[in-house]
Number of protein chains: 2
Amino acid sequence: MAKAAAAAAARGPERRRATVIDVAARAEVSSATVSRVLNGNYPVARATRERVEDAVRELGYVANAHARALAGTSSRTVGIIVQDVVDPFFAHIARGVERAASEAGRLCMVCCTHGDPRRELAFVDLLHEQRADAVVLVGGAHSDRAYAREVARRARDLHAGGARLVLCGRPSVGRDVPTLSVEYDNEGGAFALTDHLLTQGHDRILYLGGPPDLSTTRDRIAGHRRALELRGVPCAPELVHTGAFSPVFGHRRLTELLASGLTFSAVFAANDMVAIGALQALEEAGLRVPQDVSLVGYDDVPTAQVMRPRLTTVHVPLEEMGRHAVRLAVPGTDAEADAWQQPAGGGLTLGTHIVVRDSVAARRPGPEGARGTARPGTTRPQTQTQTQTDTPSPVRHRPM
Amino acid sequence: MAKAAAAAAARGPERRRATVIDVAARAEVSSATVSRVLNGNYPVARATRERVEDAVRELGYVANAHARALAGTSSRTVGIIVQDVVDPFFAHIARGVERAASEAGRLCMVCCTHGDPRRELAFVDLLHEQRADAVVLVGGAHSDRAYAREVARRARDLHAGGARLVLCGRPSVGRDVPTLSVEYDNEGGAFALTDHLLTQGHDRILYLGGPPDLSTTRDRIAGHRRALELRGVPCAPELVHTGAFSPVFGHRRLTELLASGLTFSAVFAANDMVAIGALQALEEAGLRVPQDVSLVGYDDVPTAQVMRPRLTTVHVPLEEMGRHAVRLAVPGTDAEADAWQQPAGGGLTLGTHIVVRDSVAARRPGPEGARGTARPGTTRPQTQTQTQTDTPSPVRHRPM
DNA sequence: CTGAAAGCGCTAACAA
DNA sequence: TTGTTAGCGCTTTCAG
């Protein structure tokens with residue numbers, strides 16, 4: 001009788017799972033043979049294999065992934081760190097990551113930070129402990145020097161251990177830090193959106209929402225400003241109100257702003273969630289969208305098509321970003337081979353484009369006044385979604 | 001020099017992570033002491049501890065969760081198996097699971113089946129291999145004898161190994177199979193919804209969507225039928241059209257049905273996603289909701305409040321279900337202690353209630369006709385969401 | 001308070 | 001084709 005089995009027997013009849021040793025004993029082979037049958041990566045005589053398979057079945061044997069990971073083979077997992085699984089922005093990226101991981105034979109571990117940078121760091125560590133093949137850090141980063149350094153350190157640790165840190169939708173943390181990155185043209189999308197609004201005659205555009213210290217917010221505002229400047233429209237500071245990325249924020253803040261008497265003819269919501277709240281606030285104030293006020297969002301989550309009026313927004317290839325993130329980092333993919341060559345260069349940027357729907361109208365000349373057009377949402381013929389700008393994906397896109 | 005280190009040296013200068021041995025050597029203590037410092041569950045002299053902590057930092061040591069799991073302590077992970085992380089129904093449950101897991105100091109592994117029962121089974125195995133403390137199986141189950149047996153077998157294996165299979169929103173797989181379960185009053189919600197429609201004078205209600213062989217669909221239709229029978233309304237078979245749980249299905253099928261000349265005054269969409277598609281089909285056909293046709297959904301996902309008209313639906317405590325699922329199964333929670341006592345009894349059912357919004361109107365007497373009310377979506381005063389029925393959560397609810 | 005040593009379950013040389 | 005045997009990195013008695 002093998003040592004392990006003997007020890008188990010000595011421990012008494014407590015709950016115990018079958019191990020390779022048990023299977024081996026039952027099939028009257030060695031543990032190595034069992035391993036070979038299980039992994040199917042080595043020739044095993046048919047009869048032997050069948051005996052082992054029977055034993056496995058009879059014993060209800062289930063391999064131990066930890067022992068397996070410990071004994072050499074990779075853990076076959078990838079980790080993803082997001083703020084919130086429910087937020088469609090993150091959910092879609094997570095789906096991409098999960099799918100690509102699963103296609104690469106990996107399990108996906110999801111962690112939610114709820115916006116706390118410390119939790120984010122802690123999760124990177126946790127995932128590192130799990131020996132994830134890749135850790136994907138999703139969404140805007142807080143622009144904090146010390147924080148970036150912490151991330152950089154972890155990226156190096158991960159890299160030293162054969163794993164990869166992938167930055168998805170956030171800026172690099174340093175010139176020669178071994179991270180991979182999947183970006184989207186955040187600034188360009190914002191530029192195109194504001195330009196669209198400008199073209200429609202809006203010159204007082206309220207920028208609403210998004211945590212002020214987040215890279216995402218910074219980039220979107222940058223694009224917004226660039227468009228403004230290009231048309232020589234002054235960028236009034238009282239028209240920029242950052243805060244959060246939620247419907248609640250959009251609703252609350254816009255309601256306050258409306259009450260304060262601030263004037264504007266269009267609202268650039270920092271993302272679609274904020275736009276949802278903003279729309280509600282506008283409705284409650286008796287303002288029609290787009291007749292009285294135009295409204296745009298960002299991200300193009302599915303709800304944008306369901307809202308009435310349907311929301312004009314910027315399409316971001318969320319799921320695709322997630323897929324690329326793991327493709328870049330996980331062994332067994334074409335992209336991966338290259339990625340390892342370019343220490344800090346493994347970055348790709350996907351294009352964004354605006355999607356014109358029904359929430360923007362040309363600015364009316366007078367202060368108030370009926371525009372004889374149809375009300376949205378009823379028998380009006382469906383306008384097909386129009387693509388304003390659309391660049392082939394992995395190409396940097398700069399509408400101008 | 002320690003054995004491991006020697007072996008490593010022999011292996012050459014390849015990429016290698018620091019281990020407890022390395023840390024021990026550097027701090028000039030034994031590996032046992034390092035372990036004690038790391039886990040902080042044992043008294044260690046202050047000076048020693050500090051030496052170890054320094055060594056850890058200097059070496060960039062990161063513990064190996066697999067070795068840890070292997071050496072006895074649990075893997076500290078829970079697994080969740082859903083169809084799709086993007087679908088709000090699953091996303092919300094997943095959020096509950098993730099939060100509760102994280103509160104219990106566990107990592108959460110998410111797997112997506114995309115509706116394939118075989119993938120589901122495969123993931124249970126995978127999660128078992130990972131030695132997850134709990135595996136949460138979410139959403140309706142395919143009513144298949146053999147399949148239920150497979151699930152039952154895995155539940156027993158898991159249980160034998162000290163883990164738990166939690167059925168979330170799906171029926172038990174057998175009398176004395178050691179599963180835990182978190183249900184919601186699916187049938188009751190459907191009953192209440194149909195009853196509401198009936199009360200408004202609708203007697204030809206189209207039931208639309210949901211995979212026909214899914215337990216969820218079966219239960220919802222059962223509630224629908226019960227309400228119909230109770231009021232003596234015949235349940236016309238041509239008014240039940242199952243299929244899928246997506247907007248696309250809702251849109252396509254309803255468009256066909258409308259073209260076919262089928263008559264009905266209300267649509268009971270199998271869930272909110274189907275309702276979204278149905279609404280679009282209705283609009284395209286020039287029918288107003290709720291003036292011409294009433295529409296209800298199920299699940300009460302956030303989008304239901306954003307749609308115009310806002311959707312009347314059944315609220316399901318999704319996130320709460322997720323939380324309960326892990327509470328029940330994971331060591332270190334109050335609920336958990338009891339759960340282990342009751343082999344197959346660890347089940348709780350949360351209540352559902354309908355949420356009345358703007359998508360249902362009393363059936364009009366004549367065939368066509370203007371109802372002088374305002375069009376939805378503009379300056380109309382906001383009707384606050386009304387709660388029709390609402391039972392305290394963990395109590396079985398049966399509107400009647 | 002600290003060290004020595006025995007595994008946890010599996011894989012991967014290396015032999016046979 | 002199959003068996004033997006080292007470990008993988010950590011926790012945990014059992015001594016000291």
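As a basis for the values below, the full set of heavy atoms in this structure was taken, side chains included, without hydrogen atoms, waters or symmetry mates. A note on names: the letters A, B, ... follow the listed sequences, proteins ahead of strands, and every chain is numbered from 1.
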N/O (side chain, A:Thr33) to phosphate O (OP1/OP2, D:dG3) under 4.0 Å = yes
Walking DNA chain C from its 5' end, the first of B:Ser30 and B:Leu70 to be reached, judged by nearest nucleotide, is B:Ser30
base_contact_polar (D:dG9 base, A:Arg131 side chain, donor-acceptor, <3.5 Å) | no
Can B:Glu150 and B:Arg153 be counted as an ion pair, charged N to O under 4.0 angstrom?
-> yes
Do A:Asp54 and A:Arg57 sit within salt-bridge range, that is, some charged N less than 4.0 Å from a carboxylate O?
-> yes
Distance below 4.0 Å between B:Ser31 side-chain N/O and D:dC10 OP1 or OP2 = no
Under the 3.5 angstrom rule, does the side chain of A:Arg323 hit a backbone N or O of A:Gly96 as a donor-acceptor pair?
-> no
Atom pair distance, as rounded to whole Å: CZ in A:Arg68 and P in D:dG9 | 18 Å
For A:Ala47 and B:Ala67, take the nucleotide of DNA chain D holding the closest heavy atom to each; which residue's nucleotide lies nearer the 5' end?
-> A:Ala47
Looking at A:Asn39, does any N or O in its side chain come under 4.0 Å of the phosphate oxygens OP1/OP2 on C:dT11?
-> yes
Between the side chain of A:Arg131 and the main-chain N/O of A:Ser75, is any donor-acceptor distance below 3.5 Å?
-> no
Would you say a side-chain N or O of A:Thr19 is under 4.0 Å from OP1 or OP2 of C:dG9?
-> no
